[in-house]
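We use all heavy atoms of the structure for the numbers below, so side chains are in, but hydrogens, waters and symmetry mates are not.
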There are 2 protein chains.
Amino acid sequence: MTVTIKDIAKKANVSYATVSRALNAKYGVRDETRDKIVAVAQAMGYTPNGIARGLVKKQTYSIGLVIPDITNPFFPAVARGVEDHAKQFGYSVFLCNTNYEKSREDHHISLLAEKRVDGIILAPILNEPQDDALGTESNVPVIYVTKRPASETQSFVVMDDERGGFLATKYLIEQGYKTIGYIGPSKTGHDAGERLAGCEAAFDKFGLTIQPRFFRAGDFKRETGYDTIIGMIEEGDYPRAIFAGNDLLAIGIIQGIKEKGLSVPDDIAVVGFDDIPFAAFPEVRLTTIRQPKYEMGKMAADMLIEKIEGRTQQPRRVILEPELIVRSSG
Amino acid sequence: MTVTIKDIAKKANVSYATVSRALNAKYGVRDETRDKIVAVAQAMGYTPNGIARGLVKKQTYSIGLVIPDITNPFFPAVARGVEDHAKQFGYSVFLCNTNYEKSREDHHISLLAEKRVDGIILAPILNEPQDDALGTESNVPVIYVTKRPASETQSFVVMDDERGGFLATKYLIEQGYKTIGYIGPSKTGHDAGERLAGCEAAFDKFGLTIQPRFFRAGDFKRETGYDTIIGMIEEGDYPRAIFAGNDLLAIGIIQGIKEKGLSVPDDIAVVGFDDIPFAAFPEVRLTTIRQPKYEMGKMAADMLIEKIEGRTQQPRRVILEPELIVRSSG
DNA sequence: GCATTTTTTGCAAACGTTTACTAATTATGA
DNA sequence: TCATAATTAGTAAACGTTTGCAAAAAATGC
C-alpha cells in the first residue's frame, strides 16, 4: 500500500490536516512540527497523490498537445517547445497524434476532457468552422497552433504564411530570376494558400506577371514535387526558379531536377518552406523559409498557462515572423 | 459548473449510484431507466470526471513516456508506436523529454508518480545500476526501452545491437572490402559498445584481423564522423569501408569523404546504424541497419499494459531483430 | 498573573466517482 | 395466490486530498 497523509499523521501524532499544511509549506504550522512531519514523510517514502489533490483543487497540472503526427518532422520541435515550457511551470503534457483523422482528433479531445486536463494546445487538421466548437462548448482553454481557428474568439499562435511566401518569392526575384513557378497547395482551405498569396503579392509588387503554366496546385507530398517537375522538364517548358509550398515538395523537386540531368540552382533554383531539420544537412542545403517551430510551441504553452491561471481573458492572436534561410538551392 | 452524476440523478429522479451503473453499462439496471439516464446525461452534456474515477479505482489510464529528446529523429517513431498502441487500449501518454540530463529524468519520473500514471516506458539516459531503483522502490510498472536496465528483474524491449553490428560488418566483408574501419562509441557503458562487439565478432568469424588504427572511439555526433574521416584522409591512411555507430556519424563521414574529393562507395563505403528517416532520402540513400523503432514503441506499450492489467508477473525481456537495409552508400 | 490577541492545530465537509450491502420491486413456480 | 427467487434501485462508505471554521495553545500587553 502506498503511504498516505493519514499514515504520516498517525506516525507523527498530528491530524492529517496538519500534515497537509506542513507538506504544502503553507504558513500556520509551527516549524518544529513541520520539521517532524517532513521527516516522517520522507522516512515513509511519501509521494503526494496528485489525483486526490486534483479532485479537490480542480486542477491537474496536465495539458494536452494534439497534433497530426509526431513523425512529421515539423512537429517534434513544436512538441519540445511546448513540453519544455510547460514543465517549467509544473505542467505535464499528453501527446496525442490524430493521424490527420478528424475522428481521432475528436476522440483524443474528449479523452482529454475526461482526464480533466487544464488546457489543450491544438494543431488542427482542417480549419473548418465547426472545429471551434471545442473551445466554447466544453470550457477547457484551448490554444490553436499552426493553423488559425475559423472563429474570431479563439487564441492562436501561427506563422505569417503570406509573408513567408512573399519573402521567398522576393528573394528569388532579387536574385534576378525572371520566370518563377510555384508548386504546392492552392488557396482552397489550406494554409499554404496564404503562402501562394504572398508569392502572388511579390509578383505584383515587383511588376512581374504570373505565368499560370508554372503555377501548379497539389498537395504537400514529396512525390508530387518530383512528379510535377519531371513533367515540366519533359514538356521542355520550365521556369528558372521554383517556390515550393514546403520542404518536402522542394526536396522532391530537387531530386527530379537532378534526375533529369539539370542542376540546382544553376538550371533551376528552388526555395522551400518550413526548414525541417533535413533541410540543413550538407547533402541538401535547402534555401527555405524557416518556421519558428520551437518558439511556436513555447509561445503556445505560455499563452495556455496564462489562460489557465486566469491572468488573461482576452483571446490573444500571435503571428510569428518567418525568416529566410539562404543555403545552396536557390 | 460542469455537470456531475448527481445533477443527472436529480433530473432523472434516481439515485446517483444508479446513474453510475447506467452510464457504465453494467448489468443490474432496467433498460428503461438506463435509456432515460443516458438521454438525460446526453442532454446535459455530461463528461465523466476521470479524476474522481481514478481516485476510487486507483487507475488513471495514463502512462508516461520518458525519452531523451523527441527532436532526435530516432524517437518520434518510437513515440508514435507507444501512443498508437496505448490509445487502442484507452491509455493516454505523457511525453517527457529528459534532454539527456539525469536530474530531469528523475524529476519527470517523480512528477509521473505524483500523477499516479499506471506505468512508465523509459528510454534511460545511461544504464547505471542505480537507475533501476525506480522499478522497485516505487511500485509503478516500468518497461525499459532502447537500453537494457542493469538489473535482471526489469522488463525491457531493445534491439540486438551486437547482431546489428555483426550484420553490418558481415555485409561489408561479403562485398569484398578488406580494410574496414569503425567510427563510433566504444564499449564503455554505451549500448553502441555492443555494435562494436558485433563488428569485432564478424571480423573474427571471417578471419579478418582488426586494424586498430581504423577503429576510432568517439561519440554519436555528426561532427565527430566528419572530423574523424577528414583526419584519416589527410593522413593518407584510410580503410576501404567504414561501419559507423549510427546514421548521424555515417552522414558526417560521407560528407567528409565527398569534401575530400573522394566518392562513396567507390573510394570508401559507409554503412550506418538506426535508419533514421533521413537515411532513406534520395540525397542520402544510406546503407544502414534498421532499428524497428515503431515496433519497439508498440511492443513496449503492449508489455506495459500487460503488466498493468496484471496479466503477467514475470519480467519479459524482448530483443528485437535488426535488419540490413542496402541502399547506395555501401 | 490574567485577559486578550495571535498562532497553531483539529474536525469535518467537500471534490465526483465506484461499489458493497441492503431494501424494494418484480418475476417465477406451485 | 402466495412464498420464494431474481432483479433493480438506494444508502452510505470509501478513495486521498484541501480548506473553512472552531478549538486549543502559545504569545503578548498591562
Side-chain angles (χ1 to χ4, degrees), chain A residues 1-38 40-41 44-62 90 111 113-118 138-140, chain B residues 1-38 40-41 44-62 90 111 113-118 138-140:
Chain A
M1 248 342 17
T2 42
V3 11
T4 80
I5 228 177
K6 295 195 183 181
D7 302 326
I8 298 172
K10 202 172 296 170
K11 191 154 272 178
N13 267 319
V14 291
S15 77
Y16 58 90
T18 304
V19 175
S20 173
R21 276 186 285 251
L23 261 23
N24 291 294
K26 289 245 191 70
Y27 65 96
V29 28
R30 201 151 39 121
D31 289 356
E32 191 188 348
T33 39
R34 183 201 314 287
D35 291 350
K36 184 170 70 180
I37 289 169
V38 170
V40 171
M44 298 180 79
Y46 172 70
T47 311
N49 186 325
I51 295 298
R53 171 182 296 152
L55 185 57
V56 10
K57 304 199 49 159
K58 291 166 173 305
Q59 214 197 341
T60 54
Y61 283 96
S62 333
L111 270 183
E114 288 197 13
K115 295 244 157 77
R116 292 298 193 263
V117 293
D118 297 333
S138 138
N139 40 15
V140 202
Chain B
M1 251 331 32
T2 42
V3 11
T4 81
I5 228 178
K6 295 196 182 180
D7 302 327
I8 298 172
K10 202 172 294 170
K11 191 153 272 175
N13 267 319
V14 290
S15 77
Y16 57 91
T18 305
V19 175
S20 174
R21 277 186 286 253
L23 260 24
N24 290 294
K26 290 244 191 72
Y27 67 96
V29 28
R30 202 149 39 117
D31 289 357
E32 190 188 348
T33 39
R34 183 201 315 288
D35 292 350
K36 183 171 71 181
I37 289 170
V38 171
V40 172
M44 298 179 81
Y46 172 70
T47 311
N49 185 325
I51 295 298
R53 171 182 295 151
L55 186 57
V56 10
K57 306 204 41 162
K58 292 166 173 304
Q59 213 197 341
T60 54
Y61 283 95
S62 335
L111 271 182
E114 288 198 13
K115 296 244 156 78
R116 292 298 192 262
V117 293
D118 296 334
S138 137
N139 39 15
V140 202

Figure out the NZ/P separation between A/K115 and C/dG16, and round it to whole Å.
19 Å
For B/K58, report the nucleic acid contact type (base, sugar-phosphate, nothing); a contact means any heavy atom under 4.0 Å.
sugar-phosphate
Can you tell me how far CZ of A/R21 sits from CD1 of A/I5, rounded to the nearest 0.5 angstrom?
10.0 Å
Among the candidates D/dT17, D/dT19, D/dA13, find the nucleotide nearest to the side-chain atoms of B/Y16.
D/dA13
Criterion side-chain contact (heavy atoms from CB on, under 4.5 Å) against B/I8, the qualifying member of B/V14, B/V38, B/V3
B/V3
For the pair made of CG in B/D7 and C1' in C/dG16, what is the distance, rounded to whole Å?
10 Å
Side chain proximity check, B/V117 to B/V140, heavy atoms < 4.5 angstrom
yes
Working to the nearest 0.5 Å, report the span between CZ of B/R53 and OG1 of B/T60.
12.0 Å
What is the distance from OH of B/Y61 to P of C/dT18, rounded to the nearest Å?
12 Å
Ignoring hydrogens and angles, tell me if any N or O in the side chain of B/D35 forms a donor-acceptor pair with the backbone of B/E32 under 3.5 Å.
no
Counting just side-chain N and O atoms, does B/T33 come under 4.0 Å of either OP1 or OP2 of D/dT8?
no
Would you kindly give the NZ-to-P distance between A/K6 and C/dA12, to the nearest whole Å?
12 Å
Would you indicate whether the side-chain heavy atoms of A/T2 and A/T47 approach each other to under 4.5 Å?
no
On DNA chain C, more 5' by nearest nucleotide between B/V19 and A/A52 is A/A52
Less than 4.0 angstrom between a side-chain N/O of B/T18 and OP1 or OP2 of D/dG10, yes or no?
yes
Taking C/dT9, C/dT19, C/dT17 as options, the one with an atom nearest any side-chain atom of B/Y46 is C/dT17
Starting at atom CD1 of B/I51, determine the distance to atom P of D/dC15, rounded to an integer number of angstrom.
18 Å
Rounded off to whole Å, could you give me the CG-to-P distance for the A/D31 and C/dT8 pair?
8 Å
Take the protein atom CZ of B/R21 and the nucleotide atom P of C/dT17, then report the distance between them rounded to whole Å.
15 Å
Axis bend over the full length of the helix from C/dG1-D/dC30 to C/dA30-D/dT1, computed from five pairs that close each end, to 10 degrees:
30°
B/R30 CZ to B/I37 CD1 distance, which is reported to the nearest 0.5 Å:
10.5 Å
More 5' along DNA chain C: B/L55 or B/R30, using each one's nearest nucleotide?
B/L55
Can you tell me if the side-chain N/O atoms of B/S20 get under 4.0 Å from OP1 or OP2 in C/dG16?
no
Mind calculating the distance between CD (A/E114) and C1' (C/dG16) to the nearest angstrom?
13 Å
Decide side chain to side chain contact (heavy atoms under 4.5 Å, CB included) for A/S62 and B/K115; before the verdict, give the C-alpha distance in whole Å, the side-chain angles of both, and the deciding distance to 0.1 Å.
CA-CA 9 Å; A/S62 333; B/K115 296 244 156 78; 3.6 Å; yes
Quick check for you: among D/dT19, D/dT11, C/dT9, whose closest atom lies nearest to any side-chain atom of B/A17?
D/dT11
Return the nearest nucleotide to the side chain of A/N24; candidates are C/dT17, D/dT18, C/dT18.
D/dT18
Between B/V56 and B/S15, the residue closer to the 5' end of DNA chain D by nearest nucleotide is B/S15
